[in-house]
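To keep things clear, I will list the structure first and then write my remarks on it.
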Amino acid sequence: MAAGAGGAAEPAGRPRGRVVRDALGVGVAVGLSGFAFGVTAAGSGVSALQACVLSLFVFTGASQFALVGALAAGGNPFTAAAGAFFLGTRNAFYGLRLSQLLALPRAVRPLAAHWVIDETAAVALAQPDRRSARLGFTVTGLTLYVLWNLTTLLGVLGAEAIGDTAAWGLDAAGPAVFLALLAPMLRTGTERAVAVLAVVLGLGLLPVLPAGLPVLAAALAAPAILWLKGRRK
Amino acid sequence: MNVWLAIVLTAAGCYAVKLAGLLVPAGALERPLVRRLAGLLPVALLAALTAQQTFGAGQQVVLDARAAGLAAAGIALLLRAPFLLVVGAAVAVTAGVRALGG
């Protein structure tokens, strides 16, 4: 890596104000959806403390939703955790890109790692230079972490106050969040084929496999479609 | 107890993969097939989870008000609505259909 990146040898880069504004926009919009997680967690029979521990220590939304969903469906702790874990593996790939881009000191990495998620990666990778990327990553991470945890707590307490979350339609929040995360990923025919096969496997196996396993089986749609594509070539 | 076990496993596993990405030397995860699979796994999992939480009831597949809610979320997404509005539409439509006895 060239020594000049991020240093004085570089042109001014993006104005700090614009980087901060972009980062705050993403952080606030997504951070507020911790409310939906809190509500979904409460509806799944997870305690307020458990929901807050999830947001504090897992801090990767899709995995958290997947875990409480699987637990609500009666899945055993190992299959529930496995599904959540597999959803989290994409963060390793963000980390790989970010470690070169941010060039963080070794001592900072264990702390920064906790904030490596879809949104911080998206903001940091969109920046033209290292200084802006570090700023974007930090501001997005901090805003999202604080808001996500606060709104998780509010969501759990709100849901407990409301009582029957189903009557308020709050059980539709979880799948809507998944759909919103999924939609931008369906860019090519391959992604769509994987999604369709996964839906067929996930629903088709629901009556025959114990809770939690159909989702893991549906993950096989990814290698299956890749294999089919490879054969057709 | 089971819930706490699942929470600890998930927290440890999710943190480990985040840290691995930052610590692993570039190149180890750069094989095209691995990258491709890592991009497609979330697609499969999210699609299956969306379907199950919309049409699943225990071990049965059912069609109820949640499907209308998800359709509303889909329309909101097509109209490029912000994230919170998408979730709000799903919740409101599901509640509305239930109130009407659907």
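Everything quoted here is computed from the prediction, not taken from an experiment. These values consider heavy atoms only, across backbone and side chains, with no hydrogens, waters or symmetry-generated copies.
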Does the salt bridge (charged side-chain N to carboxylate O under 4.0 Å, His left out) test come out yes or no for B/Arg98 and A/Asp171, once each step is laid out? CA-CA 12 Å; B/Arg98 283 205 182 114; A/Asp171 53 338; 2.9 Å; yes
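Remark: the backbone N or O of A/His114 is paired with a side-chain donor or acceptor of B/Lys18 at under 3.5 angstrom.
Residues satisfying the side-chain contact (heavy atoms from CB on, under 4.5 Å) test with A/Ala121, not counting sequence neighbours, are A/Tyr94, A/Leu98, A/Leu125.
Taking chain A as the reference chain and counting heavy-atom pairs below 4.5 Å, the highest number among B/Val61, B/Leu78, B/Leu46 is found for B/Leu46. The candidate with the highest count of non-hydrogen atom pairs below 4.5 Å against chain B, out of A/Thr89, A/Thr60, A/Leu67, A/Leu170, is A/Leu67.
If you measure heavy-atom distances from B/Leu77 to chain A, the contacts under 4.5 Å come from the side chain alone. Interface remark: B/Gln52 contributes backbone and side-chain atoms alike to the contact with chain A (heavy atom separation under 4.5 Å). Using a 4.5 Å cut-off between heavy atoms, B/Val34 touches chain A through backbone and side chain atoms alike. Contact of A/Ala180 with chain B is made through backbone and side chain together, with heavy-atom distances under 4.5 Å. Neither the backbone nor the side chain of B/Pro82 comes within contact range of chain A, judged by heavy atoms closer than 4.5 Å. The contact between A/Ala166 and chain B is made by backbone and side chain atoms together, counting heavy-atom distances below 4.5 Å. Contact of B/Leu41 with chain A is made through backbone and side chain together, with heavy-atom distances under 4.5 Å.
The residue from A/Val194, A/Leu87, A/Leu182 that alone fulfils the side chain to side chain contact (heavy atoms under 4.5 Å, CB included) condition with B/Leu45 is A/Leu87.
Taking the side chain as every heavy atom from C-beta outward, B/Leu40 and A/Ile225 never approach each other to under 4.5 Å. Using a 4.5 Å heavy-atom cutoff, the side chains of A/Val53 and B/Trp4 are in contact. Residues B/Val86 and A/Leu179 form no side-chain contact, since every pair of their non-hydrogen atoms from C-beta on lies 4.5 Å or further apart.
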